[in-house]
There are 2 protein chains.
Amino acid sequence: MLSKTTEYAIRALVSVELNSRKGQRPGFKTIARDIDAPEQYVAKIMQTLTRFKLLKSVRGRGGGFFFTEDYQQDIFLYDVVWIMEGKTFFTRCGFGFKHCDANNPCPLHNEYEPIREAFTQLLKKETIRSLATKIEKGEAVLSRLSV
Amino acid sequence: MLSKTTEYAIRALVSVELNSRKGQRPGFKTIARDIDAPEQYVAKIMQTLTRFKLLKSVRGRGGGFFFTEDYQQDIFLYDVVWIMEGKTFFTRCGFGFKHCDANNPCPLHNEYEPIREAFTQLLKKETIRSLATKIEKGEAVLSRLSV
DNA sequence: TTTATTAAAGATATTTAGGTCTTTATTGCG
DNA sequence: CGCAATAAAGACCTAAATATCTTTAATAAA
Ligand code: FES
Ligand code: FES
């Protein structure tokens with residue numbers, strides 16, 4: 001569904017959120033450990049997220065990644081997916097056509113479109129904060145050691 | 001969602017169904033043209049589908065691909081996806097964990113699981129025949145030249 | 001039986017996603 | 001200032017998905 005890279009990106013942002021709730025400013029190594037992903041790959045992904053201004057970074061001693069003060073508006077998973085997968089992600093044809101077109105539908109369209117839409121709505125509803133809160137409440141986990 | 005290969009596989013089978021309704025026994029070149037996919041790649045995919053006995057092939061003059069007489073039980077899209085993507089396809093974690101586990105859920109689980117299940121049900125409901133019928137009725141198309 | 005036609009098989013090539021390494025720039029601390 | 005710690009940047013590497021090429025085997029028609 002989502003690419004591994006996008007999954008890492010979402011998990012990494014949640015890691016930053018959880019760390020900052022504890023007054024920390026994590027670096028990419030901390031994040032990578034948190035989410036059980038390759039350090040250097042996480043570093044690359046953080047570069048992308050920073051470039052797209054989903055969060056800030058500072059280099060040097062005491063540096064790391066953090067959300068800005070004007071982080072009033074939530075980061076929706078939709079935003080992350082949009083950045084990592086491109087806007088076409090939300091309108092792909094389930095049958096493999098270049099575009100979805102309800103006026104010239106593939107034979108899966110009528111069934112597939114509502115499912116794709118439900119997933120889009122999920123991504124427009126859930127935020128980095130909402131995921132972090134679930135984890136903080138113990139309702140979910142950020143990574144699993146076993147299986 | 002589905003890999004390109006799986007999409008080709010489904011479309012190829014629908015092409016065989018539509019051709020055989022017209023009394024034809026298509027070869028991989030005909031199929032490739034029907035579904036607008038690379039000939040040799042389609043050939044490879046047909047080999048896989050034949051190996052898994054979703055349909056039969058004969059070589060030589062007048063040869064091609066066709067469904068057997070005991071083709072009473074429908075071919076569900078679920079079967080095709082199972083063959084092409086593996087059984088783990090239907091139980092993947094939307095957050096990137098190795099497995100989905102409701103007892104130790106990721107923060108997307110509660111929202112994601114129903115969507116994944118809806119898609120699985122779609123694949124268990126729709127068949128190669130049902131897709132072919134939609135196309136035959138003019139309700140959908142097998143490929144699109146433009147966009 | 002020869003030939004044309006077709007799929008199977010296997011090797012190879014290309015592209016994309018995923019991942020690593022090295023160097024440079026920035027920052028804070030002693 | 002000089003050093004240690006950190007992210008950025010870019011080159012590079014690896015693995016998987018996608019695609020192609022070549023040879024072989026099977027079949028039917030002439
Ligand atoms: S045309 Fe295929 S999903 Fe809409
Ligand atoms: S644990 Fe992630 S979807 Fe079930």
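Proteins get letters first, then strands, A, B, ... in listed order; numbering begins at 1 in each. Only heavy atoms go into these numbers, but all of them, side chains included; no hydrogens, no water, no symmetry mates. Model, not experiment: these values are computed from the prediction.
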Asker: What integer distance in Å separates Met46(A):CE from dG19(C):P?
Answerer: 16 Å

Asker: Classify Lys44(B) by what it touches in the nucleic acid, base, sugar-phosphate, or nothing, heavy-atom distance under 4.0 Å.
Answerer: base

Asker: Taking atom P of dA4(C) as reference, at what distance in whole Å does atom NZ of Lys29(B) sit?
Answerer: 14 Å

Asker: Heavy-atom distance under 4.5 Å between the side chains of Leu131(A) and Ile10(A), does that happen here?
Answerer: yes

Asker: Given atom OH of Tyr41(A) and atom P of dT16(C), what is their separation to the nearest angstrom?
Answerer: 15 Å

Asker: Specify the separation, in whole Å, of atom NZ of Lys4(B) and atom C1' of dT16(C).
Answerer: 11 Å

Asker: Whole angstroms only, please: what is the CD-C1' distance between Glu39(A) and dC21(C)?
Answerer: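 Atom CD in Glu39(A) sits about 13 Å away from atom C1' in dC21(C).
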
Asker: Closest approach of Pro105(A) and Asn103(A), non-hydrogen atoms and distance?
Answerer: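 Answer, listing the atom of Pro105(A) first, then Asn103(A): CD-C, 3.6 Å.
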
Asker: With distance as the sole criterion, is a donor-acceptor pair present between the side chains of Ser3(B) and Thr6(B) under 3.5 Å?
Answerer: yes

Asker: From CD1 of Ile31(B) over to C1' of dT6(C), roughly how many Å is that when rounded to an integer?
Answerer: 12 Å

Asker: Between Glu111(B) and Lys134(A), does any side-chain N to carboxylate O distance fall below 4.0 Å?
Answerer: yes

Asker: Toward the 5' end of DNA chain C, which comes first, Gly62(B) or Gln40(B), by nearest nucleotide?
Answerer: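 Per heavy-atom nearest nucleotide, the more 5' residue is Gly62(B).
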
Asker: On the 0 to 90° scale, with breaks at 30° and 60°, tag the Phe119(A)-Tyr112(B) ring pair as parallel, tilted or perpendicular.
Answerer: perpendicular

Asker: Roughly, in whole Å, what's the span from CD in Gln47(A) to C1' in dC21(C)?
Answerer: 13 Å

Asker: Less than 3.5 Å apart, any donor N or O on the side chain of Thr30(A) or Arg25(A) sitting next to an acceptor on the other?
Answerer: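 On atom types as modelled, these side chains do not qualify, holding no pair under 3.5 Å.
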
Asker: 5'-most contact on DNA chain D: Arg61(A) or Thr5(B), nearest heavy atom basis?
Answerer: Arg61(A)

Asker: Select from Ser3(B) and Thr50(A) the residue whose nearest nucleotide in DNA chain D is closer to the 5' end of that strand.
Answerer: Thr50(A)

Asker: Is the cationic atom of Lys56(B) (NZ for Lys, CZ for Arg) positioned less than 6.0 Å from the six-membered ring centroid of Phe66(B) and within 45 degrees of its normal?
Answerer: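 Geometry flag: not set, cation outside 6.0 Å or 45°.
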
Asker: Extract, from 5' to 3' on DNA chain D, the first and final nucleotides lying under 4.0 angstrom from some heavy atom of chain B.
Answerer: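 With heavy atoms of chain B under 4.0 Å away, the range is dT18(D) to dA29(D).
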
Asker: What is the distance, to the nearest angstrom, from the CD1 atom on Ile45(A) to the P atom on dG18(C)?
Answerer: 9 Å

